[in-house]
Amino acid sequence: MASDRHLGTWIDETDFVHQHLTADGRYDETRGGRPHAYQGSYRITGDRIDYRDDLGFWAFGEFADGTLQHAGYTFHRA
């Protein structure tokens, strides 16, 4: 289950990707100003986050030192 430190909006260093993690285990991603570019579910185990978008694609990331590392991006919590 996600803790409060994981929930909320995470923004990459270029402000291109905004990832919104909600308490119900869902995420909604804005890319390049396009809202809802990707949506799906997520699960957090320890410092790892596993994503499954609504089309069935899987990905993962890791929380480390107050950042979220995912798919070559470094996100900071907004």
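What you see below is based on every heavy atom in this structure, not just the backbone, and it leaves out hydrogens, waters and symmetry mates. Along the sequence shown, residues carry numbers from 1.
Within 6.0 Å of atom CG in Asp4, 12 or fewer heavy atoms from other residues, nucleotides or ligands are found, so the atom counts as exposed in its surroundings. Other residues, nucleotides and ligands contribute over 12 non-hydrogen atoms within 6.0 Å of the OH atom of Tyr27.
Distance check: Thr45 OG1 to Asp50 CG gives 6.0 Å after rounding to the nearest 0.5 Å. Thr67 OG1 to Asp12 CG: the interatomic distance, rounded to the nearest 0.5 Å, is 12.0 Å. A distance of 11.5 Å separates NE2 in His18 from CZ in Arg31, rounded to the nearest 0.5 Å.
The minimum heavy-atom distance linking Ser41 with Arg26 is given by the pair N-NH1, 3.7 Å. Nearest approach of Ala78 to Ile11, heavy atoms of both residues: CB-CD1, 3.8 Å.
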*Between Glu29 and Gln19, is a side chain to side chain donor-acceptor pair (under 3.5 Å) present by the stated rule, with each step listed?*
CA-CA 4 Å; Glu29 196 169 285; Gln19 193 173 91; 2.9 Å; yes
*Verdict with reasoning, Thr30 to His20, per side-chain contact (heavy atoms from CB on, under 4.5 Å)*: CA-CA 8 Å; Thr30 299; His20 314 284; 3.6 Å; yes
*asked:* Pair Thr9, Leu21 - check side-chain contact (heavy atoms from CB on, under 4.5 Å), show working.
replied: CA-CA 6 Å; Thr9 300; Leu21 302 178; over 6 Å; no
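Among residues two or more places apart in sequence or in another chain, the side chain to side chain contact (heavy atoms under 4.5 Å, CB included) test is passed with Asp65 by none. Residues passing the side chain to side chain donor-acceptor pair (under 3.5 Å) test with Arg52, sequence neighbours excluded: none.
Judged by distance alone, the side chain of Asp53 and the main-chain N or O of Gln39 form no donor-acceptor pair under 3.5 Å.
Judged as a ring pair (Phe, Tyr, Trp, His ring centres under 6.0 Å), the pairs with a partner in residues 57-78 (not counting sequence neighbours) are, in order, His6-Phe63, Trp10-Phe63, Tyr51-His70, Tyr73-Phe75.
Taking hydrophobic clusters as Ile, Leu, Val, Met, Phe, Trp and Tyr residues chained together by side-chain heavy-atom distances below 4.5 Å, Leu68 shares a cluster with Ile44.
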